[in-house]
Student: 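This is the structure I have questions about; it appears just below.
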Amino acid sequence: MTAYEPPGVPGTGTGPVQDADPAGYDAVVLAGGASRRLGGTDKPGVRVGGRALLDRVLTACGGARSTVVVAAPRPTARPVTWAREDPPGGGPLAALDAGLRHTTAEHVVVLSADLPFLQQPTVGRLLGALRSSGRDGVLLTDPGGRDQPLVAAYRAPRLREELALLAGRHGALTGLPLRRLTAELDLTRISDPVASFDCDTWDDIATARARIREHGHVLDEWISAVKDELGIDLDVDTRGLLDLARDAAHGVARPAAPLTTFLVGYAAAQAGGGPEAVAEAARKAVALAARWAQESTSEAEPSGDGPQSSGIDPQSSGIDPQSSGTGPQPSGTGPQSSGDGPQPSPGDLAPDATPDTRPDAG
């Protein structure tokens with residue numbers, strides 16, 4: 001697809017989000033295909049925001065009890081089970097059947113490997129709707145209202161039943177389109193123009209790369225990429241840490257910001273990790289920064305009672321009050337906020353990508 005709409009409530013995961021299936025769910029990610037519209041490029045390995053498309057999808061279904069990727073094995077950020085249809089390249093139904101053979105959960109999330117904006121809250125919405133609807137499956141629709149059967153949650157027994165019937169009717173599943181399966185299922189639908197956006201062309205890739213570098217998305221995207229790269233699965237109060245960095249930079253010195261946040265992370269790890277440990281370490285550091293700034297301010301303000309009897313005569317001690325460093329720092333010591341975020345380098349875009357012609361280009 002090439003259609004794209006600006007993110008709204010569904011794609012951001014806000015609104016009535018359901019928790020993941022309490023009984024557990026499995027995920028099947030279809031990562032094969034010839035990628036003809038990308039000139040045969042290995043599409044699951046194409047990077048958007050520094051992460052392979054496949055890794056981005058694996059993050060979205062990170063709550064799965066078991067994740068099966070139907071494709072030739074490759075390095076991934078998260079552990080998965082690999083499966084392969086027989087023969088390879090046999091199409092989506094054959095691939096889905098191969099993946100399902102490695103799952104045991106009642107509910108299964110079925111995803112393609114080219115969904116750059118899919119996130120865990122959307123997977124939770126699909127599973128929640130499936131549990132409450134009593135239907136065979138729940139799938140997303142794109143901005144044009146078209147079904148996206150590879151962004152969906154299904155009842156695994158019904159998938160196996162219909163796949164077996166189709167295989168018996170046609171002799172094999174090889175080459176059969178997905179609509180042969182979905183036509184036999186009782187489905188309900190959720191409209192989500194952002195999470196359903198998939199990358200079929202280089203223009204789609206360019207659009208995805210441009211969006212995540214926009215001011216409103218770049219920080220969250222960067223944090224997610226870093227956590228994947230470091231193997232960290234931890235949700236923390238990002239705004240609180242940013243406030244801490246600001247206070248340290250303004251009240252102490254600019255280099256104090258990154259050093260303080262590093263030390264907070266180290267202290268949280270020493271305390272066993274987890275969001276609570278990060279929050280407690282950050283709280284202590286914020287309080288210290290406030291005390292530090294308060295002392296600097298009070299020392300710089302005249303008391304109104306005349307010289308203090310400290311026993312030190314500034315004129316005879318050799319201390320230059322103007323260079324003591326105890327007064328307020330220049331206003332330019334606070335964090336800079338250009339709002340531009342990281343910019344794509346020329347080598348990060350395919351030669352024929354055209355980000356300036358994307359539908360949401362300003």
Side-chain angles (χ1 to χ4, degrees), residues 1 18 20-21 23-33 43-44 53-71 76 78 80-85 90-131 133 135-142 146-167 173 176-190 192 195-200:
M1 61 171 283
Q18 301 286 342
D21 188 343
Y25 73 95
D26 291 334
V28 174
V29 181
L30 306 189
K43 182 164 65 171
L53 284 171
L54 175 57
D55 282 334
R56 297 179 72 91
V57 172
L58 293 179
T59 297
C61 60
R65 188 174 65 185
S66 175
T67 300
V68 183
V69 180
V70 185
T76 55
R78 294 170 181 264
V80 301
T81 299
W82 296 98
R84 198 69 167 139
E85 71 273 30
L93 285 190
L96 176 57
D97 181 63
L100 282 174
R101 295 177 186 274
H102 296 270
T103 66
T104 57
E106 172 75 15
H107 299 148
V108 60
V109 172
V110 178
L111 305 168
S112 61
D114 59 354
L115 302 163
F117 305 134
L118 183 67
Q119 297 180 356
Q120 286 196 28
T122 301
V123 172
R125 291 178 66 228
L126 288 168
L127 289 164
L130 178 64
R131 293 197 306 269
S133 69
R135 304 287 186 88
D136 296 334
V138 180
L139 50 79
L140 294 190
T141 59
D142 67 13
R146 294 179 294 270
D147 288 350
Q148 298 292 307
L150 295 184
V151 199
Y154 299 97
R155 299 189 188 279
R158 285 290 294 126
L159 288 185
R160 294 190 180 95
E161 178 184 349
E162 290 301 331
L163 287 170
L165 291 174
L166 286 170
L173 296 173
L176 294 181
L178 271 172
R179 63 177 178 273
R180 293 288 182 89
L181 172 66
T182 55
E184 303 298 327
L185 299 175
D186 181 17
L187 302 173
T188 188
R189 292 156 177 82
I190 296 175
D192 194 324
S196 63
F197 178 80
D198 56 3
C199 293
D200 289 334

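Keep in mind that this is a model prediction, so the values were computed, not measured.
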Student: Please give me the minimum heavy-atom distance between Leu178 and Pro92, naming the atom from each residue.
Tutor: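 In terms of heavy atoms, the two residues are closest at CG-CB, 3.7 Å.
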
Student: Mind listing the closest non-hydrogen atom pair of Ala152 and Leu139 along with its distance?
Tutor: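 Heavy atoms only, the tightest pair is CB-CB, 3.5 Å.
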
Student: Among Leu185, Leu181, Thr182, which residue satisfies the side-chain contact (heavy atoms from CB on, under 4.5 Å) criterion with Pro149?
Tutor: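 The side-chain contact (heavy atoms from CB on, under 4.5 Å) with Pro149 is passed solely by Thr182 among Leu185, Leu181, Thr182.
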
Student: For the side chain of Glu85 and the backbone of Leu96, is there at least one donor-acceptor N/O pair under 3.5 Å apart?
Tutor: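 Answer holds: no.
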
Student: Is there a side-chain contact between Asp200 and Lys43 (heavy atoms, below 4.5 Å)?
Tutor: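 Yes, at least one pair of side-chain atoms sits under 4.5 Å.
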
Student: Say whether, by atom type as modelled, one donor and one acceptor occur between the side chain of Thr122 and the main chain of Leu118 under 3.5 angstrom.
Tutor: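 Checking the backbone N and O of Leu118 against the side chain of Thr122, no donor-acceptor pair under 3.5 Å is found.
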
Student: Taking atom CZ of Arg189 and atom CG of Leu140, what is their separation to the nearest 0.5 Å?
Tutor: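 So the CZ of Arg189 and the CG of Leu140 are separated by 11.5 Å.
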
Student: Any side-chain heavy-atom pair from Leu130 and Arg155 closer than 4.5 angstrom?
Tutor: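 Contact flag for Leu130/Arg155 side chains = yes.
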
Student: Identify each donor-acceptor pair in which a side-chain atom of residues 158-165 lies under 3.5 Å from a protein atom, sequence neighbours left out, and give them as a table.
Tutor:
{"from": "Arg158", "atom 1": "NE", "to": "Asp136", "atom 2": "OD1", "distance (Å)": "3.3"}
{"from": "Arg158", "atom 1": "NE", "to": "Asp136", "atom 2": "OD2", "distance (Å)": "3.3"}
{"from": "Arg158", "atom 1": "NH1", "to": "Glu161", "atom 2": "OE1", "distance (Å)": "3.1"}
{"from": "Arg158", "atom 1": "NH1", "to": "Glu162", "atom 2": "OE2", "distance (Å)": "3.1"}
{"from": "Arg158", "atom 1": "NH2", "to": "Asp136", "atom 2": "OD2", "distance (Å)": "3.4"}
{"from": "Arg158", "atom 1": "NH2", "to": "Glu162", "atom 2": "OE2", "distance (Å)": "3.2"}
{"from": "Arg158", "atom 1": "NH2", "to": "Glu184", "atom 2": "O", "distance (Å)": "3.4"}
{"from": "Arg160", "atom 1": "NH2", "to": "Leu100", "atom 2": "O", "distance (Å)": "3.2"}
{"from": "Arg160", "atom 1": "NH2", "to": "Thr103", "atom 2": "O", "distance (Å)": "2.9"}
{"from": "Arg160", "atom 1": "NH2", "to": "Thr103", "atom 2": "OG1", "distance (Å)": "2.9"}

Student: Please confirm whether the backbone N or O of Ala64 pairs with a side-chain atom of Tyr25, one donor and one acceptor, at under 3.5 Å?
Tutor: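 Yes, the answer is positive, given that a donor and an acceptor are paired below the 3.5 Å cut-off.
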
Student: Considering all heavy atoms of both residues, which atom of Asp114 and which atom of Val57 are nearest to each other, and what is their separation?
Tutor: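 Closest approach of Asp114 to Val57: N-CG2, 4.3 Å.
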
Student: Could you give the distance from CG (Leu53) to OG (Ser112), rounded to the nearest 0.5 Å?
Tutor: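 With rounding to 0.5 Å, CG (Leu53) is 9.5 Å from OG (Ser112).
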
Student: For the OG atom of Ser196 and the CG atom of Leu150, what is their distance to the nearest 0.5 Å?
Tutor: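 Ser196 OG to Leu150 CG: 12.5 Å, rounded to 0.5 Å.
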
Student: Do Val68 and Asp26 come close enough that some side-chain heavy atom pair is under 4.5 Å?
Tutor: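 Sidechains of Asp26 and Val68: no contact.
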
Student: Return the CZ to CG distance between Arg78 and Asp55, rounded to the nearest 0.5 Å.
Tutor: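 Rounded to the nearest 0.5 Å, the CZ-CG separation comes out at 9.0 Å.
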
Student: Looking only at side chains, do Arg65 and Thr104 share a donor and an acceptor under 3.5 Å apart?
Tutor: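 Yes, side-chain donor-acceptor contact under 3.5 Å.
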
Student: Kindly compute the distance separating OH (Tyr154) from CG (Leu127), expressed to the nearest 0.5 Å.
Tutor: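 If I round to the nearest 0.5 Å, the distance is 12.5 Å.
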
Student: Holding to salt bridge (Lys or Arg N to Asp or Glu O under 4.0 Å), I want the full list of residues that pass it with Arg135, two or more places apart in sequence or in another chain.
Tutor: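 So Arg135 forms a salt bridge (Lys or Arg N to Asp or Glu O under 4.0 Å) with Asp186.
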
Student: Looking only at heavy atoms, which two atoms of Val123 and Ala60 are closest? And how far apart?
Tutor: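 Closest approach of Val123 to Ala60, heavy atoms only: CG2-O, 3.5 Å.
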
Student: I need the minimum non-hydrogen distance between His102 and Thr81, along with the two atoms involved.
Tutor: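 So the two residues come closest at ND1-CG2, 4.0 Å.
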
Student: Could you check whether any side-chain heavy atom of Leu58 comes within less than 4.5 Å of a side-chain heavy atom of Val69, counting everything from C-beta outward?
Tutor: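 Yes, their side chains come closer than 4.5 Å.
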
Student: Find out whether Pro177 and Leu93 are in side-chain contact, i.e. whether some heavy atom of one side chain is under 4.5 Å from a heavy atom of the other.
Tutor: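 SC-SC contact between Pro177 and Leu93 ruled out.
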
Student: Any side-chain heavy atom of Leu111 within less than 4.5 Å of one from Leu30?
Tutor: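 No, too far: nothing below the 4.5 Å cut-off.
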
Student: Which atom names give the shortest non-hydrogen contact between Pro116 and Asp198, and what distance separates them?
Tutor: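 That closest heavy-atom pairing would be CD-CA, 4.5 Å.
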
Student: Hey, are the side chains of Asp192 and Arg125 touching, using non-hydrogen atoms and a 4.5 Å cut-off?
Tutor: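 Yes, close enough: below the 4.5 Å cut-off.
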
